[in-house]
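Letters A, B, ... are given to chains in the order of the sequence lines, protein chains preceding strands, and every chain is numbered from 1. Both backbone and side-chain heavy atoms feed into the values below; hydrogens, waters and symmetry mates do not.
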There are 2 protein chains.
Amino acid sequence: MNIEKAASQLEALGNVTRLQIYRALVRAGEEGLPVGRLQEKLDIPGSTLSHHLKRLVDTGLVVQDRQATTLICTANYSHMNALIGYLVDECCADQGCDGPRTRVVA
Amino acid sequence: MNIEKAASQLEALGNVTRLQIYRALVRAGEEGLPVGRLQEKLDIPGSTLSHHLKRLVDTGLVVQDRQATTLICTANYSHMNALIGYLVDECCADQGCDGPRTRVVA
DNA sequence: ATACTATTTCCACAATCATCGAAATATGTC
DNA sequence: GACATATTTCGATGATTGTGGAAATAGTAT
């Protein structure tokens, strides 16, 4: 994880529609959701949804897997964990934190 | 915390320059850093820095406190903690997570 | 008041983003 | 092949963002 990747993942989540998408996928669990079901749930045009999904997939936060004609989307927990880990370590957010956990180079 | 606030905070952090600013402030700890020191560290024009700082302050992630002519900026841990908490709870990111921690209303 | 430092606001501009209808593509079925 | 469904790409448009120089403001000291 580096600062550029963290920033791009944060940016991907930093949009209400995309955060809704991601949340829906997390709640759907391991089996995920087809694009069509996401579209129903969020009630947005397919082209808009596809556009947002692409951004989430590009950053690695969401994974897609074709199953016949439908595309199943799932939240990629490991990437989210890495992001949270970065925020906690680099940009420490722990309650009792009083400095970075790793030695600062410069 | 609601989804709009979480998204706007994520968006605020979703920019390399702003994430650098935030990280520098976290590393500076409780005493924070004056705007001028931030400007030296990041080597960017004052107007650009001021613009980014405003976004971080608006979302509550950074707090500013005047000390004579200099403005001291500090990272607001409580807001970051709330954000992380939201991500972990609503958009669960724990390793062993297999669903939301709270009951889903709809 | 003047001068000085710190920071912001104003202004402009190029770049990126969000949106969505229409057309195109992918996959499977008959 | 023809057809149906699922999803993406194309193309256009308005809105927002990132950037930074120049001017303005805030605060302090002399």
Using the side chain to side chain contact (heavy atoms under 4.5 Å, CB included) rule, take A/Tyr86 and B/Leu19 through it: C-alpha gap first, then chi angles, then the decisive distance, then the call. CA-CA 11 Å; A/Tyr86 177 85; B/Leu19 196 49; 4.2 Å; yes
Side-chain heavy atoms under 4.5 angstrom apart, residues restricted to Ile, Leu, Val, Met, Phe, Trp, Tyr: same cluster for B/Ile72 and B/Leu25?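 In one cluster with B/Ile72: B/Leu25, no.
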Do B/Thr48 and D/dG18 have a side chain to base donor-acceptor pair shorter than 3.5 Å?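 Flag unset: no donor-acceptor pair detected.
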Just the rounded figure in Å: distance from [atom2] of [N] to [atom1] of [X].
{"X": "A/Ile44", "N": "C/dG21", "atom1": "CD1", "atom2": "C1'", "answer": "15 Å"}
{"X": "B/Asp43", "N": "D/dG20", "atom1": "CG", "atom2": "C1'", "answer": "13 Å"}
{"X": "B/Asp58", "N": "D/dT16", "atom1": "CG", "atom2": "P", "answer": "15 Å"}

Looking at D/dT17, I'd like to know if its phosphate oxygens (OP1 or OP2) sit under 4.0 Å from a side-chain N or O belonging to B/His52.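 Result: no.
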[X] near the nucleic acid: base, sugar-phosphate alone, or nothing, with a heavy-atom cut-off under 4.0 Å?
{"X": "B/Arg55", "result": "sugar-phosphate"}
{"X": "B/Gly36", "result": "sugar-phosphate"}
{"X": "A/His51", "result": "base"}

Selection: residues 64-71 of chain A, any non-hydrogen atom under 4.0 Å of DNA chain D: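 The answer is A/Gln64, A/Thr69, A/Thr70, A/Leu71.
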Is the number of heavy atoms from other residues, nucleotides or ligands under 6.0 Å of B/Glu31 CD greater than 12?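 No, not enclosed.
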For B/Leu13, the option from B/Leu83, B/Thr59, B/Ile21 that meets side chain to side chain contact (heavy atoms under 4.5 Å, CB included):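 It is B/Leu83, the one option of B/Leu83, B/Thr59, B/Ile21 that forms the side chain to side chain contact (heavy atoms under 4.5 Å, CB included) with B/Leu13.
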